[in-house]
Amino acid sequence: MDLESDDLVETGVEEVHIAHDYNEPIDSANDWALLLLEEDLDVEPIDLAVDPAVYDVLETAGWGDLGDGTFPTVARWVEVPFVTDADCQAAYPGEVDAQTMLCAGDLDNGATDDVLEDWGV
C-alpha cells in the first residue's frame, strides 16, 4: 500500500486499547494494540494462525525505519523463516518471552527479520 496514493482511504481512530501488560515481563513483550476505527472499511480481513510452527516461512510487512532514520511511503514486505522458541531463546538469551513473542529470521546467516536487502518493493 502506498501512503501517497490517491486511492488511500483514511479514517479516524475512535479508541485505542494497548495491551495491559505491554513491556511485561520483558521489553517488547505484549507489544500489540487494538484500534477501533470511527467507520467500517471495505477490506478483506486477514486470517491469523493459531500455531505458527506449522509454517516454514512467515511474511512481515510495514512501513518501518529503513535503517537510516527514513521511512518508506510504500509498504514493504519480507519473507522470513520461522524460528522455534528454543532456538530464539538460545540466540537472544533473556530477551524472549515465548508466551507473547513470535520469532522469525535467518539465524544461520546472522540476519534479522528486517534485513533491508530482503525487502520486497
Side-chain angles (χ1 to χ4, degrees):
M1 173 180 288
D2 183 347
L3 296 176
E4 294 179 345
S5 169
D6 290 335
D7 295 329
L8 184 71
V9 176
E10 293 183 48
T11 186
V13 175
E14 188 172 313
E15 295 178 27
V16 177
H17 299 274
I18 298 172
H20 68 88
D21 47 2
Y22 172 67
N23 274 343
E24 295 294 334
I26 62 173
D27 285 349
S28 299
N30 295 297
D31 182 13
W32 62 269
L34 180 64
L35 306 177
L36 176 62
L37 303 179
E38 290 180 348
E39 59 186 276
D40 290 341
L41 299 180
D42 185 22
V43 295
E44 284 287 320
I46 299 171
D47 290 330
L48 298 178
V50 244
D51 183 10
V54 300
Y55 301 103
D56 292 330
V57 177
L58 304 173
E59 259 182 48
T60 63
W63 297 267
D65 188 331
L66 294 174
D68 60 2
T70 64
F71 297 85
T73 59
V74 177
R76 297 193 169 212
W77 63 272
V78 62
E79 291 182 342
V80 289
F82 173 77
V83 177
T84 65
D85 290 339
D87 288 345
C88 193
Q89 289 170 339
Y92 302 99
E95 298 179 40
V96 177
D97 177 38
Q99 293 296 315
T100 65
M101 295 178 171
L102 173 70
C103 199
D106 187 355
L107 294 180
D108 293 335
N109 294 307
T112 61
D113 65 350
D114 58 359
V115 174
L116 297 176
E117 296 84 35
D118 291 340
W119 281 108
V121 179

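Side chains are part of it too, since the values below use all heavy atoms of this structure and drop only hydrogens, waters and symmetry mates.
- When the side chain to side chain contact (heavy atoms under 4.5 Å, CB included) test is applied to Glu15, the partners found at least two apart in sequence or on another chain are His17, Leu36.
- In the hydrophobic clustering of ILVMFWY residues, with side-chain heavy atoms under 4.5 Å counting as a link, Val57 and Trp77 come out apart.
- If you chain together hydrophobic residues whose side chains sit under 4.5 Å apart, Leu3 and Val9 never meet in one group.
- Atom CG of Leu35 and atom OG1 of Thr11 lie 11.0 Å apart (nearest 0.5 Å).
- Taking all atoms of both residues into account, the shortest heavy-atom contact from Pro72 to Leu66 is CD-CG, 3.8 Å.
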Review point. Could you walk me through whether Val80 and Asp106 pass the side-chain contact (heavy atoms from CB on, under 4.5 Å) check?
Key: CA-CA 7 Å; Val80 289; Asp106 187 355; over 6 Å; no
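- Of all heavy-atom pairs between Ile26 and Met101, the closest is CD1-CE, 3.9 Å.
- Follow the hydrophobic side-chain contacts under 4.5 Å out from Tyr22 and you reach Val13 in the same cluster.
- A donor-acceptor pair under 3.5 Å is formed between the side chain of Asn23 and the backbone N or O of Ser28.
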Review point. Going through the distances and angles, do Asp21 and Thr100 end up as a side-chain contact (heavy atoms from CB on, under 4.5 Å)?
Key: CA-CA 10 Å; Asp21 47 2; Thr100 65; 5.7 Å; no
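- Dense packing is recorded around CD of Glu14, with more than 12 heavy atoms of other residues, nucleotides or ligands lying under 6.0 Å away.
- For the atom pair CG (Leu37) and CD (Glu10), the distance works out to 12.0 Å, reported to the nearest 0.5 Å.
- The heavy-atom pair separating Asp65 from Asp68 by the smallest distance is OD1-N, 3.5 Å.
- The closest donor-acceptor contact from the side chain of Asn30 to the backbone of His20 lies at 3.5 Å or more, if one exists at all.
- Every residue meeting the side chain to side chain contact (heavy atoms under 4.5 Å, CB included) condition with Asp87, not counting sequence neighbours, appears here in chain and number order: Val83, Thr84, Leu107.
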**Study point:** Chi angles and distances behind the side-chain contact (heavy atoms from CB on, under 4.5 Å) call for Asp56, Phe82
**Key:** CA-CA 6 Å; Asp56 292 330; Phe82 173 77; over 6 Å; no
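- Val43 and Leu8 fall into different hydrophobic clusters, where Ile, Leu, Val, Met, Phe, Trp and Tyr are joined by side-chain heavy atoms under 4.5 Å apart, directly or via other members.
- Scanning all heavy atoms of the two residues, the minimum distance from Phe71 to Trp63 falls at CD2-O, 3.3 Å.
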